[in-house]
Structure formats: C-alpha cells, structure tokens
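Notes for the one structure printed next.
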Protein chains: 4
Amino acid sequence: MGPVKGAKGKRMPRAVRERQMLDAAVRTFGQRGYQSASMEEIAELAGVSKPLVYLYLNSKEDLFAACIRREGDALVAAVRAGAQPELAADRQLWAGLAAFFTHTAEHPDGWAVLHRQARTHGEPFAAEVAAMRAEIVAFVTGLIGAAAHESHQGQELDAKDLVGLAQALVGAAESLAGWANETADISAKEAAGTLMNFAWMGLGALMKGERWSPR
Amino acid sequence: MGPVKGAKGKRMPRAVRERQMLDAAVRTFGQRGYQSASMEEIAELAGVSKPLVYLYLNSKEDLFAACIRREGDALVAAVRAGAQPELAADRQLWAGLAAFFTHTAEHPDGWAVLHRQARTHGEPFAAEVAAMRAEIVAFVTGLIGAAAHESHQGQELDAKDLVGLAQALVGAAESLAGWANETADISAKEAAGTLMNFAWMGLGALMKGERWSPR
Amino acid sequence: MGPVKGAKGKRMPRAVRERQMLDAAVRTFGQRGYQSASMEEIAELAGVSKPLVYLYLNSKEDLFAACIRREGDALVAAVRAGAQPELAADRQLWAGLAAFFTHTAEHPDGWAVLHRQARTHGEPFAAEVAAMRAEIVAFVTGLIGAAAHESHQGQELDAKDLVGLAQALVGAAESLAGWANETADISAKEAAGTLMNFAWMGLGALMKGERWSPR
Amino acid sequence: MGPVKGAKGKRMPRAVRERQMLDAAVRTFGQRGYQSASMEEIAELAGVSKPLVYLYLNSKEDLFAACIRREGDALVAAVRAGAQPELAADRQLWAGLAAFFTHTAEHPDGWAVLHRQARTHGEPFAAEVAAMRAEIVAFVTGLIGAAAHESHQGQELDAKDLVGLAQALVGAAESLAGWANETADISAKEAAGTLMNFAWMGLGALMKGERWSPR
DNA sequence: CATGAATGAGCTTTCATTCAT
DNA sequence: AATGAATGAAAGCTCATTCAT
C-alpha cells in the first residue's frame with residue numbers, strides 16, 4: 001500500500017503528521033482489528049517511525065481511542081448534518097438515516113472501528129462507543145417523540161417504549177448498513193426508504209392505537 | 001471466580017472435561033475477547049492444565065471455533081424450538097423473538113462470543129457466524145413472506161424487500177437484546193412485544209400498500 | 001504406517017514387546033532424529049501405550065541408548081561375521097567391507113541412528129558410538145597390520161600411521177555407504193571392490209616403500 | 001563463557017551485532033546441536049536480548065541456515081584458496097587437503113555445524129550441506145581425473161569410478177579430520193601427507209592397471 | 001499387564017514500548 | 001523533529017513423564 005500521504009522523512013507540521021497517523025491507524029484497526037494491528041504496521045503505513053507515533057499519540061490504547069473519537073464524531077456530525085432541524089420529524093429521520101448509510105458506506109474502515117472493533121475491546125473503548133450510540137438513540141428518540149406529538153392521535157407512548165423503539169430502529173439501521181454495504185448492493189437512499197417504510201408505518205399504526213398481541 | 005465445576009485435579013472422563021473447558025472458554029472469550037483471552041486463563045478457569053486443553057481441543061482457534069459452534073447451535077435450536085411451526089406466522093415470529101431474548105439473556109457470554117467476538121476475527125469464525133445469522137434471516141424472511149401471503153391483501157412485496165425487512169428485524173432484535181439485557185431491565189416477552197408491535201404493524205401497513213416517501 | 005507387529009492390546013511376553021518397541025524406536029529415531037521423535041509416535045508405531053514404553057525402557061534417553069546398543073552390536077556382529085578369521089587379511093578386509101555395505105543397506109534406519117543421530121547428541125550417545133567405531137577401527141588396524149606383516153616387504157609402518165590409515169579407510173567406507181545407498185545405485189560388492197582397489201593398492205605401494213611427498 | 005565480543009547493552013551498528021549473533025549461534029549450534037540450542041542461550045552468548053536476534057535473523061531456522069551458509073562458504077573458500085590452480089594436480093590435492101584440515105581444526109564449531117548438525121536436520125539444511133559437499137567432491141573428481149590424464153599410463157578410469165574414488169577420499173578426509181582434531185594430536189600437514197601417501201599411491205597403482213580382486 | 005488422564009517445564013515467537021543519538 | 005537500536009513481558013504450543021485404575 002505504501003504511505004498514505006507525504007514523502008517519508010519530510011518535516012511536516014504536527015497536525016498533518018497526526019492526521020496521517022490517524023488515517024493509517026483507522027485503516028489498520030478497521031481491517032486487522034485492535035490486537036492484530038501492530039504499531040509497526042501503522043507507523044509504516046503512516047510513513048513515519050514508531051517512536052514518532054508514540055511521541056504524538058502516547059500509546060496504542062490512546063491511538064485507538066483517538067480513532068474512535070475522530071470517527072465517532074465524524075459519524076455523528078454527518079447524521080446531524082443530514083437531519084436538518086427545520087424539516088419535519090419524518091423527513092429528518094429519513095435524511096439522518098440516509099446520511100448514516102452514506103457515511104458508513106464511504107468510510108468502511110471507520111465504521112468497522114466503531115461497530116466491530118471498539119465494542120469488542122475492554123471498557124475504555126466500549127464505553128466511548130456506547131456513549132456515542134446513546135447520543136444517536138436519544139436523537140432518534142426525540143424525533144420519534146416529536147412525530148408522535150405532531151400527529152397527536154391520542155395514544156401517547158410512554159418514554160420506555162419510545163426508547164425501545166429507537167433502540168430497535170438504530171439496530172435495524174446498523175444491520176442494514178452491513179447488509180447494504182457488504183452483501184447486497186443497495187444505495188443509501190434505498191436503504192433509508194426501506195427502513196422508513198417499515199418503521200414509520202409501524203410507528204403510525206402504533207400511534208393510532210393498534211397493537212399486536214399474542215392473544 | 002474459581003473452577004466452573006469439579007474439583008481440580010480429579011480424574012474425569014474426557015467428555016466431562018471437554019464440557020468444562022468449553023464452558024470456561026465461552027466465559028473467557030465472551031468477556032475478554034478472542035485475543036485477550038489466554039489459554040492459561042481458560043485452563044485455570046476450567047480447573048485443568050494448559051496441555052490438557054490442547055490435548056482435547058487442539059489449538060486456540062479450534063477451541064474458539066468449538067465455542068462458536070456450540071453456542072450458535074444452541075441459539076438456533078432455542079429459536080427454532082420457540083417458534084413452533086404449527087402456529088400462525090405472527091405467533092411463530094413472536095415466540096421466536098421471545099425465545100431469542102430469553103436465550104441471550106440466559107447465556108450472555110455465549111451471545112457475546114457470537115455477536116461481538118466471532119464477527120471481529122478472521123474468516124474462519126466470521127463465516128461460521130454469518131452462516132448462522134443467514135439461516136435466521138432466511139427463517140424470518142420465510143415467516144414474513146408467509147404472513148404476507150396469508151393476509152392476501154393484494155400488495156406483494158418483492159424478494160429483495162422481504163430480505164431487507166428481515167435484515168432490519170434481526171438487527172433490531174440484536175440491538176434490543178443488548179439494550180434489554182445490559183441497560184434496561186426488560187423481560188424477554190416485553191421485548192418481543194415491543195418489537196412485534198413495531199414490526200408487525202409496519203408490515204401490515206406495508207401490505208395494505210401504504211408507503212412512506214420523502215415526497 | 002501402523003503397528004510394526006502384533007495386534008494392539010494383546011498380552012505378549014516382555015521380550016517380544018520390547019523388540020517391537022525397539023523396532024519402532026529405531027525407525028522413528030532414524031527418520032525423525034532424536035529430538036523430533038516423540039515418545040508418543042514411537043509408542044503408537046509399536047502398538048502400545050506410552051506408559052508401557054516407560055515401564056520397559058525407562059526414559060527416552062535409555063530408549064535411544066538401547067537402540068544404539070542393539071544396532072551397533074548388530075553392525076559389528078555383521079562385519080565380524082563377514083570377515084571370517086581363517087581367510088587371508090585382504091580377503092577378510094574385503095569381506096568385512098562387503099558385509100558392512102550390505103548391512104547398512106539393509107538397515108538404513110539403524111545406520112542412520114548410529115551414523116547421523118547418535119553422533120550429534122550429547123556425550124552419553126556419542127561416546128557409545130565412538131567406542132563401537134573405535135572397535136572397528138582397531139579391527140581394521142589389525143587387518144592392515146597383519147597384511148603388512150604377511151607381505152614382509154621390509155618397510156614397516158609405525159602404529160600411528162596404521163591407525164591413521166584405518167581411520168581413513170573406515171571414513172571412506174562410511175562415505176561410500178551413504179553414496180552407494182542414497183545417491184548412486186551400487187551393490188555392496190561393487191562398493192567393497194572399489195574401495196579395495198583403491199586402498200589395498202595404496203597400501204601395497206606404501207609397503208614397497210613408495211611415498212608421496214610435496215617435495 | 002560470557003559474551004563473545006562487545007560490552008552488553010552497548011549500541012552497535014547492525015552489521016557488527018549480526019556478526020556477534022552468528023558467532024554465538026555457530027558456537028552454540030556446534031556444541032549443543034540444533035534442537036538443544038535455545039535461542040535464549042544464543043542471545044545471551046551474543047550479549048543481546050532474544051527479540052533482537054529475531055529482529056535481525058528472523059527465526060531459528062533462518063539463523064541456522066545463515067550459520068551453515070557462512071561456515072560452508074568459509075570452508076569451501078579455504079580449500080579453494082589452498083589448492084592453487086597453477087600447481088600440478090597432486091600438489092593441488094595435497095594443498096587442498098591441508099587447507100581443509102587446517103580450517104576444520106581452527107573452526108571446530110563451524111565444522112561441527114556443517115558435518116554433524118546440518119546433516120541431521122530436515123531438507124532445507126541437509127540439502128545445502130549436500131550441495132557444498134557435492135561441490136567439493138566434484139572438485140576432487142576433477143583433480144583426480146586431471147592427474148590420471150597427466151600420467152597418461154594407458155588405463156583410463158570411467159567416470160563412475162572416479163566419483164566413487166572422490167567420495168571415498170572426501171569421506172576419508174572427514175574421518176581423519178575428526179580423528180586428528182579430537183583424538184590424536186596430528187598437524188594438518190601430517191594428516192594431508194598420510195592421506196596422500198595412501199590415496200595417491202593407490203591411485204597410481206590403479207592407473208598402472210593393477211587391481212585387487214577376491215579370488 | 002496395560003492404559004486413559006493429567007501436568008511441569010520449556011521453547012519459539014511477537015509486540016508495545018523506550019533509550020540514545 | 002525524528003529515528004535506529006534494543007528489550008521486558010507474555011503468549012501459544014509441545015513433550016517427556018507420571019499417577020490412578
């Protein structure tokens with residue numbers, strides 16, 4: 001593969017070097033996994049020597065944490081940017097989902113770091129990702145709640161149910177992201193549409209008071 | 001923690017020891033992850049020496065694979081046993097979901113091995129889990145399709161859409177399992193109910209021809 | 001390959017069992033080398049369980065020593081049997097060489113144990129083989145000396161020269177044995193003839209007082 | 001024993017360290033054998049840590065191969081340097097033998113690696129040594145052939161016989177090397193002289209058409 | 001007589017991490 | 001600002017050897 005950017009040995013401002021290292025780390029962590037990725041490989045891919053990586057990023061754990069933070073922030077930012085707040089709740093949800101599918105498709109290594117790697121390695125990392133996911137779930141919960149409120153069709157859903165729905169929706173989106181990007185060949189908008197059809201309709205039914213019960 | 005079962009050093013028939021080892025391995029792999037789990041720790045937890053683990057299970061990879069197989073088979077069996085085929089499709093789906101939530105709640109380490117650990121480690125393992133998940137998705141796809149057929153309300157869904165819905169549903173269930181077991185304190189039947197309300201209603205709406213579109 | 005002889009588990013007199021074990025050990029040591037040969041493999045090839053090997057032969061070292069002793073004795077016996085003492089010295093030498101080539105060709109594993117394996121592993125073994133080789137060198141020295149005496153052509157060779165010649169002759173025979181058995185396809189008698197042509201003639205010249213000198 | 005050279009822990013250029021490691025490895029492999037030599041011991045003798053040995057020489061196998069190559073090349077070079085091509089064939093042979101005895105006496109561990117250790121361990125190593133030995137046999141064959149040709153005394157020897165003689169001669173030299181260096185206290189020139197007396201005279205007789213035959 | 005069950009000890013190898021320059 | 005040189009610590013795996021039956 002060779003260095004991501006910049007000629008080896010060139011003096012470069014710290015910020016640039018750091019970005020190169022993070023790029024290399026995300027790629028390596030995403031593809032190899034946390035434990036299998038070696039600092040050696042990351043340094044090589046970044047085009048610098050190992051001690052420099054340590055000088056800038058302290059340790060493998062810190063480096064991994066920095067990757068999680070950067071990729072997590074980028075994902076949340078992308079979703080938030082997609083779901084413009086002036087839109088109606090359903091449009092926001094759709095746009096947020098589309099942004100989510102688009103971003104994960106365009107940053108597969110970053111998504112792998114967040115979704116596959118970070119969650120399988122001890123507390124420091126899992127917690128960070130869990131926090132970010134909680135943020136998204138809260139955001140979705142808000143949208144669903146707002147929608148329910150807008151369509152004031154009487155039946156209020158209690159908070160726990162709302163969160164449960166949001167959890168389900170986020171999980172469905174994660175699952176679809178994997179399916180769409182790896183297996184099937186589905187565009188982000190198609191995926192968002194499929195999910196909205198499914199979820200928004202169900203939500204509508206719920207709010208009309210319809211329920212499924214095992215009788 | 002101490003040994004899972006049996007006094008250390010006691011002579012035991014091979015089958016028993018093997019079960020103890022698998023128990024210890026599932027617990028360790030589930031909590032530490034594949035790479036961080038050491039054979040030493042697994043052996044200790046099983047109350048045996050390392051060489052015995054190798055004698056019976058060959059290698060760390062083989063041991064991990066055996067865990068995946070055992071836990072995967074158990075999960076699939078639990079779901080299949082829950083969803084009795086003589087029931088209507090919706091009841092089957094509900095019962096399958098309830099069984100899924102129950103089983104994952106009762107075997108958190110096994111579920112962690114399957115859902116978090118196995119998918120992050122190279123082809124041999126990821127493939128095995130992917131195959132099992134595909135089996136469940138196919139099962140769910142069948143149920144949804146059958147339901148759609150039973151309620152012959154005209155609008156047929158094409159195959160790809162059906163699979164997409166099943167993917168979303170399975171993802172939602174996985175997400176809810178984590179939420180219900182770790183964060184909230186929700187019973188399996190509650191979780192299954194929440195998901196059915198959401199999904200079955202949405203499905204019903206879809207089959208009546210209702211669609212959401214960004215217009 | 002399967003057990004050398006006898007059905008597994010059958011009760012057999014100790015001597016027979018021991019022979020089977022030694023057969024298996026010679027084969028395994030000869031082909032794998034001392035360190036790479038595992039007691040497991042030897043026991044399996046002998047068709048018995050490991051503890052029985054230990055019961056009869058104490059340890060890997062003892063087992064190896066027993067192999068060396070048995071194969072060494074067999075080789076020396078074969079050579080001595082070939083060189084019948086009533087013959088003239090040259091005929092004895094020729095017959096001894098032929099017997100040596102024949103025996104090594106027919107017992108390649110035993111020869112490998114003696115010639116390749118035993119000499120590369122610490123004192124206990126190397127010494128044993130060295131002793132046997134010294135015996136053969138002494139025997140050859142005697143034959144050469146006798147021949148020199150018989151052909152009383154004046155020039156006596158001093159003892160050290162005699163031993164040196166015997167050393168050279170034995171080394172030449174060892175080398176030819178490898179060459180004849182592994183590389184070329186030469187019969188034992190041909191090999192013995194080649195060596196006699198070379199050595200006996202040289203010896204004859206020496207005894208006529210001819211010498212080579214760098215001048 | 002202590003480190004071969006250089007104070008422990010000192011920073012040194014790679015080439016120097018590598019030489020130290022090879023020195024230590026040759027010594028250890030020569031004395032202990034391939035399997036019994038531990039990387040730990042080699043590293044200690046070289047005055048470095050184990051990881052450094054792996055960093056520079058990759059693996060135990062590679063290290064052993066490097067030893068074989070270095071010692072083998074040195075031996076062949078010494079013999080070739082001894083046998084100056086402008087000399088007559090007999091003088092060349094004598095000088096080559098003397099160089100051989102000298103070199104093996106001065107590098108006993110290297111000689112042990114080549115003659116005892118390398119030949120007992122699997123294909124990669126045995127083949128390398130076999131190739132080198134074949135080179136020497138070919139060289140000797142050439143010398144004998146040239147000598148036979150120079151002393152055009154009618155009787156030509158066929159190719160196979162020549163090679164057989166060379167094999168015998170090389171084997172005799174190997175045997176004498178062990179005898180001279182370990183047991184007796186014989187100088188290289190004495191050993192070369194003994195062997196020449198024996199071999200060259202025998203060769204001369206052969207070329208005069210004399211043969212030994214059993215009758 | 002014979003063995004299934006079990007282990008202590010040691011080996012090669014890898015890797016995050018740090019000096020000294 | 002940057003690196004070549006070096007290591008401590010740990011992990012996977014193997015094997016000769018021994019009990020308990």
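Residue numbering restarts at 1 for every chain, and letters A, B, ... go by the order of the sequence lines.
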Could you list the residues that satisfy side chain to side chain contact (heavy atoms under 4.5 Å, CB included) with [X], not counting sequence neighbours?
X      : result
C:A130 : none
D:A112 : D:R116
D:D62  : D:N58, D:S59

[X] has an atom [atom1]; how far is it from atom [atom2] of [N], in whole Å?
X     : N      : atom1 : atom2 : answer
C:L55 : F:dT17 : CG    : C1'   : 13 Å
A:E18 : F:dA1  : CD    : P     : 12 Å
A:I42 : E:dT17 : CD1   : P     : 11 Å
C:Y34 : F:dC15 : OH    : C1'   : 12 Å
C:M21 : E:dC1  : CE    : P     : 10 Å
B:Q35 : E:dT14 : CD    : C1'   : 12 Å
C:E44 : E:dA2  : CD    : P     : 18 Å
D:L52 : E:dT12 : CG    : P     : 16 Å

When rounded to the nearest 0.5 angstrom, what distance separates CZ in C:R70 from CG in C:L22?
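The distance works out to 5.0 Å.
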Which residues share a salt bridge (charged side-chain N to carboxylate O under 4.0 Å, His left out) with D:K60, sequence neighbours left out:
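Listed in chain order: nothing, the list is empty.
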Can you sort out the partners of B:R119 under salt bridge (charged side-chain N to carboxylate O under 4.0 Å, His left out), two or more places apart, ordered by chain and number?
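Scan of B:R119 (salt bridge (charged side-chain N to carboxylate O under 4.0 Å, His left out), adjacent residues dropped) gives none.
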Does the gap between the ring centers of B:W111 and B:H115 come in under 6.0 Å?
yes
Residues of residues 56-70 of chain A with any non-hydrogen atom less than 4.0 angstrom from an atom of DNA chain F: list those, numerically ordered, please.
A:Y56
Considering heavy-atom distances to DNA chain F, does A:K50 or B:K50 have its closest nucleotide positioned more toward the 5' end?
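Looking at DNA chain F, the more 5' nearest nucleotide goes with A:K50.
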Given DNA chain F, 5'-ward residue of the pair B:A37 and C:M39, judged by closest heavy atom
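The residue closer to the strand's 5' end, by nearest nucleotide, is B:A37.
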Residues two or more places apart in sequence or in another chain: which of them pass ring-ring contact (aromatic ring centres under 6.0 Å, His included) with D:Y56?
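Per chain and number, D:Y56 pairs via ring-ring contact (aromatic ring centres under 6.0 Å, His included) with no residue.
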Any side-chain N or O of B:R17 less than 4.0 Å from the OP1 or OP2 oxygen of E:dG4?
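Indeed not, no polar side-chain atom of B:R17 lies that close.
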Any chance you could encode DNA chain F as dot-bracket? Rule is Watson-Crick or G-U wobble with both distances under 3.5 Å; [ ] for pairs crossing earlier ones, | for another strand.
.||||||||||||||||||||
By side-chain hydrogen bond (donor to acceptor under 3.5 Å, both in side chains), C:E61 pairs with (sequence neighbours left out) none
Need one value for A:R14: base, sugar-phosphate or nothing, where a base atom within 4.0 Å counts as base even if backbone is also close, heavy atoms only.
nothing
DNA chain E: A:Y54 or B:P51, which has the more 5' nearest nucleotide?
B:P51
Of the options E:dA6, F:dA16, E:dT12, whose atoms approach the side-chain atoms of C:S38 most closely?
F:dA16
